[in-house]
Amino acid sequence: MQTSKKGNRKMKVLETGNGARAMKGGGLDPQRVSFDKIPIIDLEPMFTGDESARQKLAQELRKACTEVGFLYIKNHHVPKDVIDATFGVAETYFAESDDVKMENHVSKSKNNRGYAALLEENTDPTARGDLHESYDIALDVPADDPDVKAGKVLYGPNQWPAGKPEFRKALETYHAEMLTLSGRLLHAFALALDLEETYFDQLVGKPLATLRVLHYPPQFGEIDDRQIGIGAHSDYECFTILAQKEGISALQVLNASGEWIAADPIPGCFVVNVGDQMARWTNDLFASTVHRAVNRSGKERYSIPFFFGPNYDALIEVLPSCIDEDHPAKYPPITSGEYVNGRFMATFAHYAAQNEANADTAV
């Protein structure tokens, strides 16, 4: 992997209160590089390591996030059988007839939970729809919860296919494992930003945490760049944790030179990428890198992304460790829910129509 000459600079820090240390000198300048591979980071220190080991990991994470915005993590402590079970039920579910899958279409949920068919999502506004189908769940919040009653539309109950308890069990188990892993990762991100390890904890008690299982049919022959598995985009939340089935190449990441670099599956590893909210928090120090998926493998592709963001009302505001006199805040504060809801409105036609209908009937 190529490195930036600036990457070896030592960063001076200054205590600023609120558990943060503001970095001076070149430490706040993004250092994007024309990478040709994705770095691999060992997450074990966040489970068993001492302070020294965690600080070393934090430095590696900071380098990956400022230069690339993508990384693999190993030793993540998510059991392989949990991952395998989720892939298994996803393959079985997507093999069902369209009529069966449409019984749980997302239009039947007020909270963007359930099934979406081919071409119903369009992540790239210049394209003609994404060639995948999906099933989404998120934090399961009862319909009588005060936040749901208050109209915070990204909170709510999941919907589930009738007569498929193994599908529900696998996805709920996977979601729980991802919440635990996300907590460890968020601590690592805090350390990488010269914050107290628990800095973000108060903001993620009720996170906007979405689990999605995806099926991409293969594409053959000449491919129209405006209609691929998933169009070029960045993710909306703090970070994404992605599981890919081994042996199938599809995910591509855009480097600083405008080249698409493969992020193929690596046994025992997840792919992690920075999302838009983390980029806003860090004043674009950490890169929310554009990526896409093109399934030319000749095989059916399945993947499991988990999108982790803070509470609906959490304020996404540039962190004190990411601003100084030479680096003023680029972004106005916005709540997590407002940001993600706006992005969903632009991406999902059914979601935009549903929100317009809700607005029309509101009193």
For the residue pair F189 and F239, is the inter-centroid distance of their aromatic rings smaller than 6.0 Å?
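Yes; F239 has its ring centre under 6.0 Å from that of F189.
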Would you please indicate yes or no on a ring centroid separation below 6.0 angstrom for H291 and H233?
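Between H291 and H233, which both carry aromatic rings, the centre distance is below 6.0 Å.
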Taking atom NZ as the centre, does K169 end up with more than 12 heavy-atom neighbours from other residues, nucleotides or ligands that are less than 6.0 angstrom away?
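Atom NZ in K169 is not crowded, with 12 or fewer foreign heavy atoms closer than 6.0 Å.
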Determine whether the side chains of [X] and [Y] contain a donor N or O and an acceptor N or O closer than 3.5 Å.
X	Y	answer
S321	D194	no
Y331	D284	yes
D124	T126	yes
E120	H105	yes
Q277	S336	yes
Q159	R113	no

Does R32 form a salt bridge (charged side-chain N to carboxylate O under 4.0 Å, His left out) with E67? I'd like the steps, not just the answer.
CA-CA 4 Å; R32 313 292 187 247; E67 294 186 352; over 6 Å; no
Is there a side-chain contact between [X] and [Y], using heavy atoms and a 4.5 Å cut-off?
X	Y	answer
L186	V204	yes
L214	Y302	no
L251	D264	no

With E96, which residues qualify under salt bridge (Lys or Arg N to Asp or Glu O under 4.0 Å), at least two apart?
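Checked E96 against salt bridge (Lys or Arg N to Asp or Glu O under 4.0 Å); matches are K164.
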Name all residues meeting the salt bridge (Lys or Arg N to Asp or Glu O under 4.0 Å) criterion together with K245; count only those two or more places apart in sequence or in a different chain, and write none if there are none.
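By the salt bridge (Lys or Arg N to Asp or Glu O under 4.0 Å) rule, K245 matches E91.
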Among T240, D235, D276, N273, find the residue that satisfies the side-chain hydrogen bond (donor to acceptor under 3.5 Å, both in side chains) test when tested with S288.
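The passing option is D276.
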For the side chain of N111 and the backbone of Y155, is there at least one donor-acceptor N/O pair under 3.5 Å apart?
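Yes: the side chain of N111 pairs with the backbone of Y155.
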Has N283 got a side-chain atom pairing as donor or acceptor with L285's backbone, closer than 3.5 angstrom?
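No, because the side chain of N283 does not come within donor-acceptor range (under 3.5 Å) of the backbone of L285.
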Between W281 and F200, what is the ring plane arrangement, given parallel below 30°, perpendicular above 60°, and tilted in between?
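The rings of W281 and F200 sit tilted, inter-plane angle from 30° to 60°.
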Please report the C-alpha distance between Y135 and F167 in whole Å, then the side-chain angles of each, then the deciding distance to 0.1 Å, and finally whether the ring pair (Phe, Tyr, Trp, His ring centres under 6.0 Å) criterion is met.
CA-CA 11 Å; Y135 200 100; F167 182 84; 5.1 Å; yes
Residues two or more places apart in sequence or in another chain: which of them pass side chain to side chain donor-acceptor pair (under 3.5 Å) with D140?
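Once residues adjacent in sequence are excluded, D140 has no partner under the side chain to side chain donor-acceptor pair (under 3.5 Å) criterion.
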